[in-house]
Amino acid sequence: MQIYTKKSLIEKLQEIRQKGWILNTRPGNDGGIGNTLEDLLGIKENNLPIPNAAEWELKTQRLNTTSLVTLFHLEPSPRALRIVSNILLPKYGWRHKEAGRKYPIGEMSFRQTISGDRRSDRGFKVVVDRNAKKVLISFDASAVDPRHKQWLQSVKQRAGLGELDPQPYWGFNDLKHKAGTKLLNCFLVLAECRRDEKGQLWFRYSKIYILESFSLDGLLKGLEEGFVFIDFDARTGHNHGTKFRLRRNMLPCLYQKVTEI
DNA sequence: GGTACCTGGAT
DNA sequence: TATCCAGGTAC
């Protein structure tokens, strides 16, 4: 496991940029662009609440995507209830599009990308409660779009149409700890990508930014203002975890210092 | 082996 | 922009 200083990581990333097109080492995985860069750097996917490389986190993304950047994963409290798999998926989920095809006939899905400035079309919203120092998930049946009428009927039978009980939440302290240990400083690397005649995917890591000093208050404001999202990502067979995400061009807004190298 | 994380997507 | 979604690993 390679350990880098800020200086040596900058030099290594500049070397990789210099190399030009590099073959994807993780075919079939959307995360290949990041995993390939980790392989080049000689670092491992980090599954611990510690930073990737010394005190530095690495974020990689395609230049031509509009998809959100994932900041971190953190399951909501109360943790013991395993609320996503035990409540949200079975009581508020819907039939997965591939149920009976790619997945078993009963496969359910609960995928919601939600924020604090409006309700999703299924009635979910993020609430930042500064008094209780919690970020909460709220459900309002009256805000559900008519096109989800049938789903709403099923929710009524499964869970009733009141507020979530209990409401999933994250304590400010939990978020502060997570962000402080994982996201304090960040390299943002953007790559062009192309497929060759054989269908193989290649990346060219061409843009590198250094983001320093993460701000938790920026994250909370982002949730309130609607540019930070909480992304539930569960189906019956695999809960990919609950993520905090945002638009790439807003990532620098969460840091006090931004430099392009 | 299940859970909670990791790496990220397309339309 | 919002609503869907992918494979993989540590413990």
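Throughout, protein chains are lettered first and strands after them, A, B, ... in sequence-line order, and every chain is numbered starting at 1.
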Position toward the 5' end of DNA chain B (nearest nucleotide), A:Ser67 or A:Gly32: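 In this pair, the answer is A:Gly32.
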Reckon A:Leu74 touches a base, only the sugar-phosphate, or nothing at all at heavy-atom distances under 4.0 Å?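 Here A:Leu74 touches the backbone only, sparing every base.
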Centres of the A:Trp56 and A:Tyr4 rings: under 6.0 Å?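 No, the ring of A:Trp56 stays outside the 6.0 Å limit from the ring of A:Tyr4, centre to centre.
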Using modelled atom types only, decide if a donor and an acceptor are shared between the side chain of A:Glu38 and the backbone of A:Leu58 within a distance under 3.5 Å.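 No; zero donor-acceptor contacts below 3.5 Å.
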Could you check whether any side-chain N or O of A:Ser115 sits under 3.5 Å from a backbone N or O of A:Leu223, counting only pairs where one atom can act as donor and the other as acceptor?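 Judged by distance alone, yes, a pair lies under 3.5 Å.
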base_contact_polar (C:dA2 base, A:Thr113 side chain, donor-acceptor, <3.5 Å):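 When only heavy-atom distances are counted, A:Thr113 does not reach the base of C:dA2 through any donor-acceptor pair under 3.5 Å.
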Check this for me: does the side-chain of A:Thr70 come within 3.5 Å of the base of B:dG8 through a donor and an acceptor?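 Check passes, donor-acceptor contact within cut-off.
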Can you tell me the distance, in whole Å, between the [atom1] atom of [X] and the [atom2] atom of [N]?
X        : N     : atom1 : atom2 : value
A:Asn24  : B:dG9 : CG    : P     : 11 Å
A:Lys59  : B:dG8 : NZ    : C1'   : 9 Å
A:Phe232 : C:dC5 : CZ    : P     : 15 Å

Considering only heavy atoms, which members of residues 83-104 of chain A lie under 4.0 Å from some atom of DNA chain B?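 Here the set is empty: none.
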Between [X] and [N], does any side-chain N or O lie under 4.0 Å from OP1 or OP2?
X        : N     : value
A:Arg118 : C:dT1 : no
A:Arg26  : C:dG8 : no
A:Ser120 : C:dT3 : no
A:Lys182 : B:dT7 : yes
A:Arg111 : C:dT3 : no
A:Arg122 : C:dC4 : yes
A:Arg82  : B:dT3 : yes
A:Gln112 : C:dC4 : yes
A:His73  : B:dC6 : yes
A:Arg245 : C:dA2 : no

Would you call A:Glu15 and A:Arg17 a salt bridge, taking side-chain N to carboxylate O under 4.0 Å as the test?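 A:Arg17 and A:Glu15: not salt-bridged.
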Would you kindly say whether A:Arg235 and A:Ser109 are connected by a side-chain donor-acceptor distance under 3.5 Å?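 Checked: A:Arg235/A:Ser109 side chains show no N/O donor-acceptor pair below 3.5 Å.
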For A:Lys243, all residues meeting salt bridge (charged side-chain N to carboxylate O under 4.0 Å, His left out), sequence neighbours excluded: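 Once residues adjacent in sequence are excluded, the partners of A:Lys243 under the salt bridge (charged side-chain N to carboxylate O under 4.0 Å, His left out) criterion are A:Asp233.
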May I have the list of side-chain donor-acceptor pairs in residues 92-99 of chain A shorter than 3.5 Å, sequence neighbours left out?
{"unit_1": "A:Arg95", "atom_1": "NH2", "unit_2": "A:Ala99", "atom_2": "O", "d": "3.0"}
{"unit_1": "A:His96", "atom_1": "ND1", "unit_2": "A:Glu98", "atom_2": "N", "d": "2.9"}
{"unit_1": "A:Glu98", "atom_1": "OE1", "unit_2": "A:Arg101", "atom_2": "NE", "d": "3.2"}

Tell me, which of residues 236-243 of chain A have any heavy atom that sits under 4.0 Å from an atom in DNA chain C?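 DNA chain C contact set from residues 236-243 of chain A: A:His238, A:His240, A:Lys243.
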Using a heavy-atom distance cut-off of less than 4.0 Å, which residues of residues 191-206 of chain A contact DNA chain C?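 Those residues: none at all.
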Let me check something: any side-chain donor-acceptor pairs from residues 76-85 of chain A under 3.5 Å, sequence neighbours excluded? List them with distances.
{"unit_1": "A:Arg79", "atom_1": "NH1", "unit_2": "A:Glu75", "atom_2": "O", "d": "3.4"}

How about A:Asp217 and A:Leu219: do any of their side-chain heavy atoms sit closer than 4.5 Å?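 Result no, sub-4.5 Å side-chain heavy-atom pair not found.
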Determine whether A:Leu251 and A:Tyr209 make a side-chain contact, defined as any pair of heavy atoms from C-beta on separated by less than 4.5 Å.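 In short, these two side chains do not touch, never coming nearer than 4.5 Å.
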Among A:Phe244, A:Phe124, A:Phe110, exactly one meets ring pair (Phe, Tyr, Trp, His ring centres under 6.0 Å) together with A:Phe232. Which residue is that?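 Option passing the ring pair (Phe, Tyr, Trp, His ring centres under 6.0 Å) with A:Phe232: A:Phe110.
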I'd like the P distance from B:dG1 over to B:dC5, given in whole Å.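 After rounding to an integer number of Å, I get 22 Å for this pair.
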Show the nearest heavy-atom pair for residues A:Thr36 and A:Arg26, with the distance to one decimal.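 Of all heavy-atom pairs spanning A:Thr36 and A:Arg26, the closest is OG1-N, 4.2 Å.
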